[in-house]
Amino acid sequence: QMNYDEQYFFLIKDLSKKAINRFYDGKYWYLSDDGLKVHADMQDKYYSAPVNKMLLSLLKLASLSGEREYLEFVQKSIKSKSAVLYKNHSWYASAMKVVLAETLGYVTLKAATANLKKHKKDIDHIKYSFVLSKPDEKIDGYLACDMSQCFVTNKDIKKVITEIEKR
């Protein structure tokens, strides 16, 4: 997201797959893979719960890659803890951010790298909380997509931003 270097995209995909394989059993997330089987709690204590950071990263990866499997990990994780999450919102602030991001959905703004860098300030100030940008040199102009569809394409960044902010 900072410099659009593609190697970091591949690195996050690789690290995410490794984390899922090591710390997720299909139902629960664990704090370690040392055999103790300590469940990763979604409750924030002195810092944001690590599992919530992982889930937010998986949501971003799902949006950037278009691979729904990452979204499904997040949805299953939220569902398994939903009874607890909705009782005491204040104890689960970072988990609630995950819930909001999953519910509202990330929007990925795609454009040539030069266009994304040129309008970085405009993109950073979009009044929609969950926006990512991804370089795509084949796109002439700008394209905004969520997990189910691309909903606006235009050569004018201001018009694309207006459509994103209507969400």
Side-chain angles (χ1 to χ4, degrees), residues 1-20 24 26-27 29 42 44 48-82 85-86 89 92-167:
Q1 287 294 289
M2 298 303 290
N3 64 8
Y4 302 117
D5 187 337
E6 196 173 50
Q7 75 178 3
Y8 295 113
F9 177 70
F10 293 118
L11 178 62
I12 190 68
K13 283 183 79 166
D14 183 52
L15 291 174
S16 294
K17 286 182 183 183
K18 286 178 181 175
I20 290 165
Y24 186 68
K27 187 173 182 183
W29 288 91
M42 295 178 95
D44 298 325
S48 297
V51 69
N52 300 333
K53 290 182 179 189
M54 182 69 201
L55 295 175
L56 205 54
S57 293
L58 289 176
L59 279 175
K60 291 176 183 180
L61 182 55
S63 184
L64 289 169
S65 69
E67 296 177 43
R68 295 192 65 82
E69 70 182 86
Y70 298 111
L71 175 63
E72 290 166 7
F73 287 119
V74 176
Q75 290 170 331
K76 282 176 70 175
S77 299
I78 291 170
K79 186 176 181 180
S80 72
K81 299 286 187 178
S82 62
L85 291 178
Y86 295 109
H89 301 295
Y92 300 94
S94 65
M96 296 313 294
K97 182 175 181 178
V98 174
V99 170
L100 278 172
E102 189 276 327
T103 302
L104 298 174
Y106 272 97
V107 170
T108 300
L109 179 61
K110 301 175 186 180
T113 305
N115 286 341
L116 292 172
K117 287 181 177 181
K118 179 180 172 184
H119 293 287
K120 182 158 179 35
K121 282 188 179 182
D122 295 323
I123 294 167
D124 289 345
H125 289 94
I126 293 175
K127 292 179 178 83
Y128 182 80
S129 297
F130 306 106
V131 177
L132 302 168
S133 54
K134 180 180 179 184
D136 188 332
E137 305 307 324
K138 296 176 275 185
I139 295 174
D140 183 29
Y142 301 89
L143 178 66
C145 306
D146 59 25
M147 280 302 294
S148 59
Q149 66 181 349
C150 292
F151 58 91
V152 62
T153 183
N154 203 302
K155 291 185 180 189
D156 183 348
I157 186 68
K158 301 287 185 194
K159 290 180 180 178
V160 174
I161 289 172
T162 299
E163 290 302 312
I164 292 171
E165 289 178 342
K166 286 181 182 178
R167 297 180 74 80

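Small disclaimer: the values here were computed from a predicted structure and weren't measured.
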Between the NZ atom in Lys134 and the CD1 atom in Ile139, the distance rounded to the nearest 0.5 Å is 9.0 Å

| How about Arg167 and Asp146: do any of their side-chain heavy atoms sit closer than 4.5 Å? | yes

Closest heavy-atom pair, Ala144 versus Val107, reported as atoms and distance to 0.1 Å, is CB-CG1, 4.1 Å

One should read off an interatomic distance between Leu143 CG and Thr108 OG1, to the nearest 0.5 angstrom, of 9.5 Å

Quiz item: Would you say the side-chain atoms of His125 pair up with the backbone N or O of Lys121, donor to acceptor, closer than 3.5 Å?
Solution: yes

Side-chain donor-acceptor contacts of residues 67-74 below 3.5 Å, not counting sequence neighbours, with atom names and distances?
residue: Glu67; atom: OE2; partner: Lys13; partner atom: NZ; Å: 2.5

CG (Leu85) and CD1 (Ile78) are apart, to the nearest 0.5 Å, by 7.5 Å

Exercise. Got a donor-acceptor contact below 3.5 angstrom from the Asp44 side chain to the Ala49 backbone?
Worked result: yes

Looking only at heavy atoms, the pair that brings Trp29 and Ala19 closest together is CZ3-O, 4.1 Å

side-chain contact (heavy atoms from CB on, under 4.5 Å), that's the test. Do Ile164 and Val131 meet it? Break it down for me.
CA-CA 9 Å; Ile164 292 171; Val131 177; 4.0 Å; yes

OG (Ser63) and CG (Leu132) are apart, to the nearest 0.5 Å, by 5.0 Å

When rounded to the nearest 0.5 Å, the distance separating OG of Ser65 from CD1 of Ile12 is 11.0 Å

Glu137 meets the side-chain contact (heavy atoms from CB on, under 4.5 Å) criterion, sequence neighbours left out, with Ala112, Thr113, Pro135

Hits for side-chain contact (heavy atoms from CB on, under 4.5 Å) against Asp140, two or more places apart or cross-chain, chain-then-number order -> Lys155

Here the gap from Lys110 atom NZ to Cys145 atom SG, rounded to the nearest 0.5 Å, amounts to 4.0 Å

Any heavy-atom pair between the side chains of Asp14 and Phe9 that's under 4.5 Å?
no

Quiz item: Tell me, do Tyr142 and Lys159 make a side-chain contact under 4.5 Å, heavy atoms counted?
Solution: no

Query raised in the report: Hey, are the side chains of Leu109 and Ile157 touching, using non-hydrogen atoms and a 4.5 Å cut-off?
Result: yes

Which pairs of donor and acceptor atoms, one on a side chain in residues 52-59, lie under 3.5 Å apart (sequence neighbours left out)?
residue: Asn52; atom: ND2; partner: Met42; partner atom: O; Å: 2.8
residue: Asn52; atom: ND2; partner: Ser94; partner atom: OG; Å: 2.7
residue: Ser57; atom: OG; partner: Lys53; partner atom: O; Å: 3.1

Of all heavy-atom pairs linking Leu61 and Ser16, the shortest is CD2-OG, 3.6 Å

For Gly26 and Lys76, the nearest pair of non-hydrogen atoms, with its separation, is O-NZ, 3.0 Å

Residues Tyr128 and Leu104: closest non-hydrogen pair is OH-O, 3.0 Å

Sequence neighbours excluded, the answer for ring-ring contact (aromatic ring centres under 6.0 Å, His included) partners of Phe130 is Tyr106

Between Asn154 and Asp156, the two heavy atoms sitting closest are OD1-N, 2.9 Å

Please check: side-chain N/O of Thr103 versus main-chain N/O of Leu100, any donor-acceptor pairing under 3.5 Å? no

By salt bridge (Lys or Arg N to Asp or Glu O under 4.0 Å), Lys158 pairs with (sequence neighbours left out) Asp122

